[in-house]
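Computed from a prediction, not measured in an experiment: that's the story for all the values here.
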Number of protein chains: 2
Amino acid sequence: METRWAHQLRAVGLRVTRPRLSVLSVLADRPHADADTIVTGARELHPSLSPQAVYGVLKALVAQGLARRIEPAGAPALFELRVGDNHHHLVCRSCGAVADVDCAVGAAPCLVPSGTAGFVVDEAEVVFWGFCPDCQLDGQGRAPAEPRQMSEHQISEHQMSEHHISEHQIRGGAIA
Amino acid sequence: METRWAHQLRAVGLRVTRPRLSVLSVLADRPHADADTIVTGARELHPSLSPQAVYGVLKALVAQGLARRIEPAGAPALFELRVGDNHHHLVCRSCGAVADVDCAVGAAPCLVPSGTAGFVVDEAEVVFWGFCPDCQLDGQGRAPAEPRQMSEHQISEHQMSEHHISEHQIRGGAIA
DNA sequence: CGTCTTGATTTGACTGATTCAAGACAGCGG
DNA sequence: CCGCTGTCTTGAATCAGTCAAATCAAGACG
């Protein structure tokens with residue numbers, strides 16, 4: 001069978017090449033990988049792959065809507081294949097781990113700004129900052145377990161059970 | 001009178017220096033300036049000011065909570081003095097202009113993620129992407145008027161009149 | 001008012017992420 | 001199977017931001 005990725009590539013008018021299939025494969029495994037992680041991972045399938053090739057592939061995938069680029073402040077860009085459905089991200093301040101979240105409200109009232117200053121808004125992007133389960137254990141609130149090492153132990157349960165709001169510690173004023 | 005900035009600096013335990021007063025002054029004029037703009041602007045008050053000094057000053061201001069750093073994807077970091085009140089930002093895809101917005105809802109329901117994957121969330125950050133009034137005129141929807149030239153014609157009416165939601169073109173699925 | 005301590009700034013080199021450019025190469029339509 | 005065109009390779013460059021050592025000055029003290 002023709003690795004389902006091939007179909008997707010052709011569907012958007014992109015040629016099916018080894019580098020592209022390798023990158024897609026890595027992204028399927030690690031939902032929020034940075035460029036460097038992708039290069040490393042993709043080399044297992046295509047050893048001669050260069051970083052620039054990966055950047056090129058990613059740019060093409062993003063341009064065609066097969067991938068999405070997210071750029072948490074202070075960290076290198078991450079890429080994910082989950083597109084189309086709008087979802088947001090949880091980012092760990094300590095280790096940089098990223099998890100997906102679906103918005104709790106169907107039609108989000110607060111995502112329509114109160115005044116737009118004449119802007120025509122076409123997208124709202126939300127990033128939740130906090131600490132992942134691992135980093136809550138040691139350091140509790142600061143000391144990074146392994147700062148900026150977001151390669152392996154990434155969390156990404158796309159659909160998680162409903163927790164209670166009372167569990168979260170929402171900093172006063174941080175959320176309007 | 002001692003330029004009110006001096007008080008603020010001392011209040012958080014920072015020494016009052018010429019570079020710091022210059023940076024604060026520039027920030028007061030241009031609410032969303034990038035590091036480079038600040039260097040240029042601050043040099044009018046203190047010609048010998050070096051970029052590194054500005055980075056140092058900004059880091060100190062942010063650390064002490066006198067300034068806030070925002071990093072829109074794909075653009076250099078911007079700094080603003082409006083802190084404490086939580087507000088979000090409108091960013092123009094074309095020219096990079098930034099405007100402040102207050103959240104439309106007091107306690108934002110959709111800013112509490114539906115599932116947190118065990119994360120302890122302490123802040124929600126929202127960025128609205130779109131096109132500013134200037135860039136809507138020419139190009140309409142793409143062609144940048146003057147890509148990445150966000151120095152002078154920045155928009156920032158902190159408190160704007162209430163517009164109607166129907167004015168905005170919310171892309172299907174973009175807002176969950 | 002002068003001295004001293006310590007924090008702030010200067011200077012200059014450096015890193016890390018990403019992009020640009022030119023030529024070699026390979027999908028895939030014919 | 002051939003060739004056109006888009007893609008990849010290789011190598012160099014850019015850009016924002018950081019680091020470290022040496023100099024300088026704010027403000028406490030006497």
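Residue contacts shown for B:Arg20 are limited to sugar-phosphate atoms, with no base heavy atom under 4.0 Å away. Using a 4.0 Å heavy-atom cutoff across all strands shown, B:Ala60 reaches no nucleic acid atom at all. Note on A:Arg69: only backbone sugar-phosphate atoms sit closer than 4.0 angstrom, heavy atoms only; bases stay farther off. Heavy atoms of B:Thr17 sit under 4.0 angstrom from primed sugar atoms or phosphate atoms, though from no base atom.
Side-chain polar atoms of B:Glu80 and B:His89 form a donor-acceptor pair below 3.5 angstrom. No side-chain donor from either of B:His88 and B:Asp100 sits under 3.5 Å from a side-chain acceptor of the other.
One atom, NZ of A:Lys59, and another, P of D:dT7, lie 13 Å apart when rounded to the nearest Å. Taking atom CG on B:Leu49 and atom P on D:dC24, their separation rounds to 17 Å, with Å as the unit. For the pair A:Tyr55 OH and D:dT9 C1', the interatomic distance rounds to 16 Å; values are reported in whole Å. In this structure, the CG atom of A:Leu58 is 14 Å from the P atom of D:dT7, given to the nearest Å.
Residue-to-nucleotide proximity on DNA chain D shows that, of A:Ala53 and B:Ala35, the 5′-proximal contact is made by A:Ala53. Judged by closest nucleotide on DNA chain D, A:Val54 is the one of B:Leu14 and A:Val54 placed further toward the 5' end.
Across the helix from C:dC1-D:dG30 to C:dG30-D:dC1, the helix axis at one end is tilted relative to the axis at the other end by 30° (nearest 10 degrees, each axis from five pairs).
Ion pairing between a basic and an acidic side chain is recognised when a charged N comes within 4.0 Å of a carboxylate O; B:Arg82 and B:Asp102 show such pairing.
Of all non-hydrogen atoms in B:Phe79 and B:Leu58, the two that sit nearest each other are CE1-CD1, 3.5 Å.
If you check distances only, the side chain of A:Gln52 does reach the base of D:dG11 with a donor-acceptor pair under 3.5 Å.
Follow the hydrophobic side-chain contacts under 4.5 Å out from B:Val12 and you reach B:Leu21 in the same cluster.
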